[in-house]
Amino acid sequence: QVQLEESGGGLVQPGGSLRVSCTFSGGTFSDYDLGWFRQAPGKEREFVALAYYDSARTQYTDSVKGRFTISRDNGKNTVYLQMNTLKPKDTGIYYCYADPSGFGNAVGGRSWGQGTQVTVSS
């Protein structure tokens, strides 16, 4: 089955930058849309960004547009989230997810990673 593993989280100052990574295994990478959610303490998990299976289209929640960039490397089976101009409101656990694109052979529901902590504080 699909497995996802996040890395790259840590503590950064407001205005700083951080890149988190998610490695994919257990399936055909190009058959899946991959993206990121995040969850702050005491709050619901919220969508952050998505990179579609063909790497040509992306989607972001309004609060991160212009600051975050999602990308994927098909050779490394990895999706990245580059986070710039970080704010305290960006603090939370960042989770990678994978959805079958519907255009390949993959079937089933959404897969999740275990998450990586991002803390933005001075």
Side-chain angles (χ1 to χ4, degrees):
Q1 71 277 18
V2 170
Q3 292 184 305
L4 303 168
E5 184 174 353
E6 301 95 335
S7 62
L11 174 65
V12 297
Q13 294 182 332
S17 297
L18 195 67
R19 188 180 74 167
V20 291
S21 303
C22 174
T23 57
F24 171 102
S25 62
T28 301
F29 188 71
S30 60
D31 285 348
Y32 291 83
D33 302 328
L34 291 109
W36 296 87
F37 276 66
R38 67 187 180 188
Q39 188 168 24
K43 297 186 180 296
E44 294 183 355
R45 190 174 299 187
E46 66 170 343
F47 169 78
V48 177
L50 169 65
Y52 288 92
Y53 72 102
D54 60 1
S55 299
R57 294 174 293 122
T58 58
Q59 186 67 48
Y60 302 91
T61 191
D62 286 344
S63 64
V64 308
K65 287 181 179 177
R67 300 189 298 120
F68 290 12
T69 303
I70 188 170
S71 61
R72 54 194 290 168
D73 185 331
N74 291 339
K76 297 182 178 180
N77 286 3
T78 300
V79 62
Y80 304 96
L81 186 67
Q82 177 67 47
M83 301 179 287
N84 298 327
T85 319
L86 282 162
K87 304 174 181 180
K89 62 179 289 187
D90 297 317
T91 293
I93 302 174
Y94 282 68
Y95 297 92
C96 178
Y97 74 92
D99 290 336
S101 70
F103 296 96
N105 295 323
V107 296
R110 177 169 292 175
S111 298
W112 294 93
Q114 290 186 249
T116 185
Q117 177 71 46
V118 173
T119 303
V120 185
S121 177
S122 59

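For clarity, every value in this text was computed on a predicted model and none was experimentally measured.
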(request) Any chance you could measure N77, atom CG, to T28, atom OG1, to the nearest 0.5 Å? (result) 9.0 Å
(request) State the OG1-NZ distance between T91 and K43, to the nearest 0.5 angstrom. (result) 12.0 Å
(message) Does either side chain, that of E5 or that of S7, offer a donor lying less than 3.5 Å from an acceptor on the other one?
(response) no
(message) If I compare all heavy atoms of Q82 with all of S17, which pair ends up nearest, and what's the gap?
(response) NE2-CB, 4.0 Å
(message) How close do Y97 and L50 get, counting heavy atoms only, and between which atoms?
(response) OH-CD1, 3.4 Å
(request) Can you see which heavy atom on L81 is nearest to which on W36, and at what distance? (result) CB-NE1, 3.6 Å
(message) Please check: side-chain N/O of R72 versus main-chain N/O of Y52, any donor-acceptor pairing under 3.5 Å?
(response) yes
(message) Are M83 and L11 linked, directly or through intermediate hydrophobic residues, by side-chain heavy-atom contacts shorter than 4.5 Å (ILVMFWY only)?
(response) no
(request) Establish whether F37 and V118 are linked, either directly or via other cluster members, by ILVMFWY side-chain heavy-atom contacts under 4.5 Å. (result) no
(request) Tell me, please, which residues at least two apart from Y32 pass ring-ring contact (aromatic ring centres under 6.0 Å, His included). (result) F24
(message) Using 0.5 Å steps for rounding, measure from the OG atom of S111 to the CG atom of L34.
(response) 9.5 Å
(message) On a heavy-atom basis, which atom in P100 and which in A106 lie closest, and how many Å separate them?
(response) CB-O, 3.7 Å
(request) Measure across Y53 and F103 and return the closest heavy-atom pair with its distance rounded to 0.1 Å. (result) CE2-CD1, 3.7 Å
(request) Give the intermediate values and the outcome of side-chain contact (heavy atoms from CB on, under 4.5 Å) for residues R38 and V64. (result) CA-CA 12 Å; R38 67 187 180 188; V64 308; 3.9 Å; yes
(message) If I take atom SG from residue C96 and atom OH from residue Y80, how far apart are they, to the nearest 0.5 angstrom?
(response) 11.5 Å
(message) Is it the case that the side chain of R67 and the backbone of T85 share a donor-acceptor pair, with hydrogens and angles ignored and the cut-off at 3.5 Å?
(response) yes
(message) Would you say the rings of Y60 and F68 are close, in the sense that their centroids are separated by under 6.0 Å?
(response) no
(request) State whether K65 and D62 are salt-bridged, where the test is any N-O pair (Lys NZ or Arg NE/NH1/NH2 against Asp/Glu carboxylate O) under 4.0 Å. (result) yes
(request) Verify the cluster assignment for Y95 and L86: are they in a single hydrophobic cluster under the rule of side-chain heavy atoms below 4.5 Å apart? (result) no
(message) What's the separation between atom CG in D33 and atom CZ in R57, rounded to the nearest 0.5 Å?
(response) 7.5 Å
(message) So which atom in T119 and which in Q117 form the shortest heavy-atom distance, rounded to 0.1 Å?
(response) OG1-NE2, 3.3 Å
(request) Measure from the side-chain N and O atoms of T116 to the backbone N and O of Y94, and report whether any donor-acceptor pair falls under 3.5 Å. (result) no
(request) Using a cut-off of 6.0 Å, state whether more than 12 heavy atoms not belonging to Q114 lie near its atom CD. (result) no
(request) Drop me the distance from C22's SG to Q3's CD, to the nearest 0.5 angstrom. (result) 11.5 Å
(message) What I want to check is whether the side chains of S101 and D31 have a donor and an acceptor closer together than 3.5 Å.
(response) no
